[in-house]
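Quick notes on the structure that follows.
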Amino acid sequence: MCGIFGYTGPDEAAPLLLTGLERLAYRGYDSAGIALQAPSGALAVRKAAGRIGNLAALMEREPAAGTCGVGHTRWATHGAPSDANAHPHTDAAGRVVAVHNGIVENQTELRARLVDAGYAFTSATDTEVIPNLVAWHLDQGASFPEAVRLAARELHGAHAIVCMHEGTPGVLVALRIGHAGGALVGHGAGASLVASDLTALMPFTRSVTFLEPGQMAVVTPNGCAVSTLEGEPVEAAPRTVEAGEQAAAKGGYKHFMLKEIFEQPESATSALRGRLAFDPPGVSLGELPFGPEVLRAVDRAVLLGMGTSLNAALLGARYIEALARIPAGAENAAEFRYRDPVVGPSTLVVAVTQSGETADTLEALALARRAGARTIAITNTANSQATRMAEGTLLMHAGQEVGVASSKTFVTSVETMLLLAGAIGAARGALDEMGIAELMETAARLPALVGEALALNEQAYPHLVARFLHARRFLFLGRGLLEPIAREGALKLKEISYVHAEGMAAAEMKHGPIALVDADTPTVAFVLRDGLHAKMLANLAAVRARGGPVLAIATQGDTEAAEAADEVLWVPPCPPLLAPLVAVVPAQLLAYHLADALGNDVDQPQNLAKSVTVE
Ligand code: M6R
């Protein structure tokens, strides 16, 4: 979370910083700020609570100039999203500027020490200790880069930081400690940039130096010198990155999220491209740096993720168990990393993360690697940290997802895991040739089925919105492969409509949550024509018997489901393995239409960020 963007070169920095921050807004949008440095070294800071537009308006009212600068878009951790708590922060004397992504875990102790030494604080943030600590080291006689290095060594936690110093014009010092978001240096002609991720650098340059955890870069217009935080120089040659330009236009849709929901058939096609073989049938995952012998040797799979990616991982685990016949489970990455999990060389650990930057998922992945597990990252972001940490990567190929609430990356991550499960099943002999051929044919049907699900129900949403707009609590129920979809449906609704929703296994209802059922609590139930259809109908009856309205997401033409519910959203008949990917579509659209009708900012919902780089 939090986006950082910096520039040093011959041009006016402010417009470039604002452009960079706009591209990083998905990482947090509680406040934004920039610090500019004139060639003389003089610093000027402008910052404003709220979206980047507020900062741009402030810059018009109170212009500032400089050819070197840093900007920050914040997702608040310590301190409310106010002007005072916005980054950049400076030391008490205004000599050192810092922007920061992470949490200074020992800030109480550092702050007390600095206050005792006469350094005054003005904000409630943990970040403010950083420029003050750098200033303290400068006051002890260290050079600017050395002062930043020494300060960094005193910080606990994971961080990405960029600093500027009044007495060292045109120089940015960027560093990374642990996995709290990236720090990348972009190289242009006579100018350098610093950013949290590639998204922000792409309009400016393809020549990039990636800082690894424990490294810092002294950045000038002519390039950067990289060293470890112990002070050892590092050979870090720039890489030319091949990242597609962002298709960051809404293309006629009211919101990016709606556009992205409707892009799902296309994304589903991209995720299949080059991976399905029919003669002989097989899954071709040539991107993996190892062959079927490695997949054959694994005897257990652990799938890790957070939020929507965890819901996707739950499905991935079910696919692997069903198709590869090995024990497979999904786990919240943050819980996994703080246990002492039993994983070893025969365990396959799959980290699911659309951004490839989620701190908890990266730390869990690092733990798995240390334990000797085979590791695969499933991500939508080429060159992200997850791709650099895992042994192998399977890209989701969803295309850029701008909406903070994931939609197409959910579908493509699950789809990718379906193929991975097939590949493991084939390698282990759990799937014979006929089984694989069937899987290939099933997978190939996904884009069209998702397209059909999008085309159904168009008339139904306005009516459902009118009926449920004022409901403040929803329950989502599913069984089997649709249980993770109940969770995902509830998460989508919570994220963008700010209405409480709980998704669960339908059988769980009678063990407690049924107490919540009343006339104002709609239950959304996934009742597809599958082996658990009759059980789901019984669950719906129990809800209706208690006066709870039921919205069924059901297979087209299923009159039993229609009779058992008050409202219905239809999905096309589909193979059981694809049911979750088809049924999620009306759940996404329901959440979208409710949130839009409530007047919420669908693409940038309150309190959220697209990339969660703090623990
Ligand atoms: O980038 P990741 O997939 O690792 O992100 C994980 C979660 O933060 C993410 O899925 C979050 O729950 C989204 N807002 C879901 O819409």
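From a predicted model like this one, the values you see are computed outputs, not experimental measurements.
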Short question: side chain of [X], backbone of [Y] - any donor-acceptor pair under 3.5 Å?
{"X": "Thr361", "Y": "Glu357", "result": "no"}
{"X": "Asn380", "Y": "Gly399", "result": "yes"}
{"X": "Ser267", "Y": "Ala398", "result": "yes"}
{"X": "Arg23", "Y": "Thr19", "result": "no"}
{"X": "Thr381", "Y": "Ser355", "result": "yes"}

Scan the side chains in residues 500-514 for donor-acceptor partners under 3.5 Å anywhere in the protein, sequence neighbours excluded, and list what turns up.
residue, atom, partner, partner atom, Å
Lys510, NZ, Ala507, O, 3.1

Worksheet item: Going through the checks in order, is the side chain to side chain contact (heavy atoms under 4.5 Å, CB included) test met by Arg300 and Leu348?
Response: CA-CA 6 Å; Arg300 186 173 145 239; Leu348 175 67; over 6 Å; no
Less than 4.5 Å apart, side chain to side chain, heavy atoms only: is that true for [X] and [Y]?
{"X": "Leu304", "Y": "Val350", "answer": "no"}
{"X": "Val602", "Y": "Phe256", "answer": "no"}
{"X": "Ile553", "Y": "Trp570", "answer": "no"}
{"X": "Leu367", "Y": "Pro341", "answer": "yes"}
{"X": "Val302", "Y": "Thr347", "answer": "yes"}
{"X": "Val343", "Y": "Phe336", "answer": "yes"}
{"X": "Gln556", "Y": "Val571", "answer": "no"}
{"X": "Leu569", "Y": "Tyr461", "answer": "yes"}

Discussion item. Under the side-chain hydrogen bond (donor to acceptor under 3.5 Å, both in side chains) test against Lys408, which residue among Glu401, His397, Glu263, Gln354 passes?
Written reply: Glu263
When [X] is tested against each of [options] for side chain to side chain contact (heavy atoms under 4.5 Å, CB included), which residue passes?
{"X": "Leu551", "options": "Val568, Thr523, Val524, Leu540", "answer": "Val524"}
{"X": "Leu418", "options": "Leu439, Ile320, Leu446", "answer": "Leu439"}
{"X": "Met306", "options": "Asp360, Thr353, Val352", "answer": "Asp360"}

Atom pair [atom1]/[atom2] of [X] and [Y] - distance to nearest 0.5 Å:
{"X": "Ile4", "Y": "Ser196", "atom1": "CD1", "atom2": "OG", "value": "4.5 Å"}
{"X": "Ser407", "Y": "Glu260", "atom1": "OG", "atom2": "CD", "value": "5.5 Å"}
{"X": "Lys535", "Y": "Asn539", "atom1": "NZ", "atom2": "CG", "value": "9.0 Å"}
{"X": "Leu394", "Y": "Glu415", "atom1": "CG", "atom2": "CD", "value": "12.0 Å"}
{"X": "Leu598", "Y": "Ile496", "atom1": "CG", "atom2": "CD1", "value": "9.5 Å"}
{"X": "Glu495", "Y": "Leu491", "atom1": "CD", "atom2": "CG", "value": "4.0 Å"}

Nearest non-hydrogen partners of [X] and [Y], listed with the distance:
{"X": "Ser384", "Y": "Gly356", "result": "OG-CA, 3.5 Å"}
{"X": "Ala268", "Y": "Thr412", "result": "N-CG2, 4.1 Å"}
{"X": "Ala583", "Y": "Leu482", "result": "CB-CD2, 3.8 Å"}
{"X": "Arg473", "Y": "Pro522", "result": "O-CD, 3.1 Å"}
{"X": "Ala271", "Y": "Leu419", "result": "O-CD1, 4.0 Å"}
{"X": "Ala195", "Y": "Phe5", "result": "CB-CD1, 3.8 Å"}

Can you give the donor-acceptor pairs under 3.5 Å from side chains of residues 585-592 to other protein atoms, not counting sequence neighbours?
residue, atom, partner, partner atom, Å
Gln588, OE1, Gln264, NE2, 2.8
Gln588, NE2, Gln264, OE1, 3.1
Tyr592, OH, His255, ND1, 2.7

Checking side-chain polar atoms at under 3.5 Å, does [X] have a donor or acceptor matched by the opposite partner on [Y]?
{"X": "His100", "Y": "His87", "answer": "no"}
{"X": "Asn311", "Y": "Thr308", "answer": "no"}
{"X": "Asp558", "Y": "His533", "answer": "yes"}

Do [Y] and [X] meet the salt-bridge criterion of a basic N to acidic O distance under 4.0 Å?
{"X": "Asp30", "Y": "Arg51", "value": "no"}
{"X": "Lys492", "Y": "Glu488", "value": "yes"}
{"X": "Arg339", "Y": "Glu335", "value": "no"}
{"X": "Asp530", "Y": "Arg479", "value": "no"}
{"X": "Arg472", "Y": "Asp520", "value": "no"}

Practice prompt. Report the C-alpha distance between Ile485 and Phe410 in whole Å, list the side-chain angles of each, state the deciding distance to 0.1 Å, and finish with yes or no for side chain to side chain contact (heavy atoms under 4.5 Å, CB included).
Written response: CA-CA 10 Å; Ile485 298 303; Phe410 174 76; 3.7 Å; yes
Item to complete: Let me see the working for Val283 and Met440 under side chain to side chain contact (heavy atoms under 4.5 Å, CB included), right down to the final yes or no.
Response: CA-CA 8 Å; Val283 186; Met440 295 303 91; 3.4 Å; yes
Practice prompt. Please state whether the rings of Phe474 and Phe468 are parallel, tilted or perpendicular, taking 30° and 60° as the class boundaries.
Written response: perpendicular
Worksheet entry | With Lys254, the salt bridge (charged side-chain N to carboxylate O under 4.0 Å, His left out) member among Asp603, Asp596, Asp601 | Asp596
Worksheet item: So which pairs with a foot in residues 559-573 pass salt bridge (charged side-chain N to carboxylate O under 4.0 Å, His left out), sequence neighbours left out?
Response: Arg467-Glu567, Arg529-Glu560, Arg544-Asp566
Worksheet entry | Candidate pair Leu477 and Phe526, rule side chain to side chain contact (heavy atoms under 4.5 Å, CB included), full reasoning | CA-CA 6 Å; Leu477 305 182; Phe526 295 89; over 6 Å; no
